[in-house]
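Along the sequence shown, residues are numbered consecutively beginning with 1.
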Amino acid sequence: MKSLKTYFLLSMACLLFACACTKEEIENLPPATQTGANTFGCLVNGKAFVSSKETYRSRDIPSSLIYPLTLAERDSEEGVVNNIRIEGRSFGIGYIYIYIYDELSVEEKSYSTDITESFTSVYPNNYNFISVRYLGYNYFSQENSGSITLTRVDYENRIYSGTFSAELKHEDGRTIKITEGRFDINAKELIEQKQQGY
């Protein structure tokens, strides 16, 4: 009976410690805004992942700059944005890549992950995925293993905000969990920064 009580108390202590650690890590993330603040962050296995603030000069190509946050849009033949690609980089840790393709147009709604990044030759009409390079390993979302929710889609001002979460898998079977994901991106500002070279 005594050992059962000790086990219970130890379990509760561990749970409280884990909750406190998670809360602290969440506080390290940028807030989930919808103002075009150019922020990107999430928890990877409970640890804060936040896009770097400064650009990185490539050692391989000295004149080449690597940007911590990028967003690409592509228009359909009808002139509406039907796919977006978002990438957040934390230099020294890795990157997270989010892709949404909507045959009609990207909208404020939730998209579930459909396929892995390693595409087959046959594409569905709509597909979405998340891929992660984390501490030297590549992980990919699987079918219905995650979701991406766009909370603001402002074509005129080119602002895209949203949240994301997923369980991703490495080819050897190991997994990682992405939780508390959020991004708030102003594509116009990112383009201006690139044009100015920083």
Side-chain angles (χ1 to χ4, degrees), residues 22 25-26 29-51 69-90 93-135 137-155 158-187:
T22 300
E25 291 294 325
I26 290 173
L29 298 178
T33 55
Q34 298 178 9
T35 59
N38 283 329
T39 55
F40 184 104
C42 66
L43 298 182
V44 180
N45 285 345
K47 297 288 182 187
F49 176 102
V50 179
S51 64
L69 191 57
T70 58
L71 181 138
E73 309 152 292
R74 186 173 298 164
D75 294 348
S76 69
E77 292 176 4
E78 290 75 31
V80 297
V81 174
N82 68 352
N83 79 57
I84 59 172
R85 290 165 288 159
I86 300 164
E87 185 177 332
R89 287 182 176 267
S90 182
I93 298 174
Y95 63 81
I96 297 175
Y97 184 85
I98 297 171
Y99 187 91
I100 298 174
Y101 174 75
D102 189 317
E103 189 179 27
L104 300 176
S105 67
V106 171
E107 299 175 344
E108 292 173 7
K109 66 179 186 180
S110 287
Y111 296 86
S112 66
T113 56
D114 298 314
I115 57 173
T116 66
E117 188 184 22
S118 49
F119 298 125
T120 63
S121 58
V122 179
Y123 297 96
N125 289 338
N126 302 296
Y127 53 90
N128 320 287
F129 67 82
I130 302 171
S131 69
V132 172
R133 173 86 173 165
Y134 188 70
L135 299 177
Y137 294 93
N138 294 320
Y139 300 86
F140 304 100
S141 58
Q142 310 298 307
E143 187 174 358
N144 297 317
S145 68
S147 67
I148 308 152
T149 301
L150 291 174
T151 55
R152 180 178 179 187
V153 176
D154 183 339
Y155 293 130
R158 298 181 69 192
I159 293 174
Y160 297 87
S161 309
T163 60
F164 61 97
S165 63
E167 183 171 55
L168 300 104
K169 190 179 284 188
H170 185 269
E171 61 185 10
D172 67 6
R174 79 180 84 179
T175 61
I176 60 170
K177 282 193 176 179
I178 303 286
T179 55
E180 299 292 334
R182 68 279 309 267
F183 55 85
D184 183 19
I185 301 175
N186 184 324

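More than 12 non-hydrogen atoms from other residues, nucleotides or ligands lie less than 6.0 angstrom from NZ of Lys109. Within 6.0 Å of the CD atom in Glu107, the count of heavy atoms belonging to other residues, nucleotides or ligands exceeds 12.
Atoms CZ and CZ, on Arg89 and Phe49 in that order, are 9.0 Å from each other to the nearest 0.5 Å. In this structure, CD1 in Ile96 is found 12.0 Å from OH in Tyr139, a value given to the nearest 0.5 Å. One finds the CD1 atom of Ile185 at 7.5 Å from the CD1 atom of Ile84 (value rounded to the nearest 0.5 Å). The line from CZ of Phe129 to CD1 of Ile98 is 10.5 Å long, rounded to the nearest 0.5 Å. Taking CG from Leu168 and CD1 from Ile130, the interatomic distance works out to 6.0 Å, rounded to the nearest 0.5 Å. Interatomic distance, Glu180 CD to Leu29 CG, rounded to the nearest 0.5 Å: 7.0 Å.
Residues that satisfy the side-chain contact (heavy atoms from CB on, under 4.5 Å) test with Thr163, not counting sequence neighbours, are Thr149. For Lys177, the salt bridge (charged side-chain N to carboxylate O under 4.0 Å, His left out) criterion is met by no residue, not counting sequence neighbours. Under the side chain to side chain donor-acceptor pair (under 3.5 Å) criterion, Thr35 pairs with Asp184, sequence neighbours left out. Partners of Tyr160 according to the ring pair (Phe, Tyr, Trp, His ring centres under 6.0 Å) rule, which considers only residues two or more places apart in sequence or in another chain, do not exist here. By the salt bridge (charged side-chain N to carboxylate O under 4.0 Å, His left out) test, Glu73 pairs with Arg158, sequence neighbours left out. Residues forming a ring pair (Phe, Tyr, Trp, His ring centres under 6.0 Å) with Tyr137 (at least two apart in sequence, or on another chain): His170. Applying the side-chain contact (heavy atoms from CB on, under 4.5 Å) test to Ser145 and every residue at least two apart in sequence or in another chain returns Thr113, Ser141, Gln142. Residues that satisfy the ring pair (Phe, Tyr, Trp, His ring centres under 6.0 Å) test with Phe40, not counting sequence neighbours, are Phe164. A search for side chain to side chain donor-acceptor pair (under 3.5 Å) contacts involving Tyr111 returns Asp102, not counting sequence neighbours. For Arg152, the side-chain contact (heavy atoms from CB on, under 4.5 Å) partners at least two apart in sequence or on another chain are Gln34, Glu108, Asp154, Asn157, Ile159, Ser161. Applying the salt bridge (charged side-chain N to carboxylate O under 4.0 Å, His left out) test to Arg85 and every residue at least two apart in sequence or in another chain returns nothing.
Applying the side-chain hydrogen bond (donor to acceptor under 3.5 Å, both in side chains) test to every pair with at least one member in residues 36-46, sequence neighbours left out, gives these pairs: Asn38-Glu189.
Contact annotation: the side chain of Leu150 approaches that of Phe183 to within less than 4.5 Å [non-hydrogen atoms, C-beta and beyond]. Tyr155 has its side chain within reach of Val106: a pair of non-hydrogen atoms, C-beta onward, lies under 4.5 Å apart. Between Leu43 and Ile178, every side-chain heavy-atom pair lies at or beyond the 4.5 Å cut-off. A heavy-atom distance below 4.5 Å is not found between the side chains of Val80 and Leu104. At least one side-chain heavy atom of Ile93 sits under 4.5 Å from a side-chain heavy atom of Tyr134. Within the 4.5 Å cutoff, the side chain of Val50 has heavy atoms near those of the Pro30 side chain.
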| request: Let me see the working for Glu167 and Lys169 under salt bridge (Lys or Arg N to Asp or Glu O under 4.0 Å), right down to the final yes or no. | output: CA-CA 7 Å; Glu167 183 171 55; Lys169 190 179 284 188; over 6 Å; no

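When all heavy atoms of Gly88 and Ser51 are compared, the pair lying nearest together is CA-CB, 4.3 Å. Pairing each heavy atom of Gly181 with each of Cys42, the nearest pair is CA-CB, 3.5 Å.
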